[in-house]
Every structure is written in C-alpha cells, then in structure tokens.
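Heads up: the structure comes next, in structure tokens.
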Amino acid sequence: MPARIVQVQDIPRTKSGKLVELAVRDTVHGWPVKNIEALANPEALGHFAGRAELQG
C-alpha cells in the first residue's frame, strides 16, 4: 500500500515498456539514478524530483 498517491503527467518506463519504480524512488530521495540510459523517457523523472508532498 503506497503511503501517498500523487498525479503526474508521465511515469518513467524502460525501452521495453516496463515501469521503473526504483528510478522513481531514487529521484524522490535525491539519489543518483543508475542505468538512466535504459529509460525510454528519462525526462519523466522530473515529475518526481523535489516534490514536497513526497518528502517525509
């Protein structure tokens, strides 16, 4: 069960279409994302960076 649910415009996915939850977690915590070149849409991580409602 997620602690919070927020609406975003896009969710990062791999080039094969799988959701990339670990990259979102790393972005939320301000950690570097490993293997970002495997993402089809790395710009989607920007929707999760620095969001106050995800901190805590």
Side-chain ([X]) to main-chain ([Y]) donor-acceptor, under 3.5 angstrom:
X: R13; Y: N41; result: no
X: D26; Y: K34; result: no
X: Q55; Y: V28; result: yes

Is I11 reachable from V6 through a run of hydrophobic residues whose side-chain heavy atoms are each under 4.5 Å from the next?
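V6 clusters together with I11.
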Taking a hydrophobic cluster as the set of Ile, Leu, Val, Met, Phe, Trp and Tyr residues connected by side-chain heavy atoms closer than 4.5 Å, whether directly or through intermediates, do V20 and W31 fall within one such cluster?
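V20 does not cluster with W31.
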More than 12 foreign heavy atoms under 6.0 Å from CD of E53: is that the case here?
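Counting other residues, nucleotides and ligands, CD of E53 exceeds 12 neighbours.
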Answer yes or no: are there more than 12 heavy-atom neighbours, outside E21 itself, under 6.0 Å from its atom CD?
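For E21, atom CD is not crowded (no more than 12 foreign heavy atoms under 6.0 Å).
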Contact between [X] and [Y] at the side-chain level, heavy atoms closer than 4.5 Å - yes or no?
X: H29; Y: R25; value: yes
X: H47; Y: T27; value: no
X: L19; Y: T14; value: no

Walk me through it: do V33 and V24 pass the test side chain to side chain contact (heavy atoms under 4.5 Å, CB included)?
CA-CA 8 Å; V33 176; V24 171; over 6 Å; no
So, taking the atom named NZ in K15 and the one named CD in E37, what distance separates them when rounded to the nearest 0.5 Å?
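With rounding to 0.5 Å, NZ (K15) is 7.5 Å from CD (E37).
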Over all atoms of both residues, closest heavy-atom pair of D10 and F48:
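Answer, listing the atom of D10 first, then F48: O-CE1, 3.9 Å.
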Locate the shortest heavy-atom distance separating A44 from P12; write the atom from each residue and the value.
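Closest approach of A44 to P12: CB-N, 3.7 Å.
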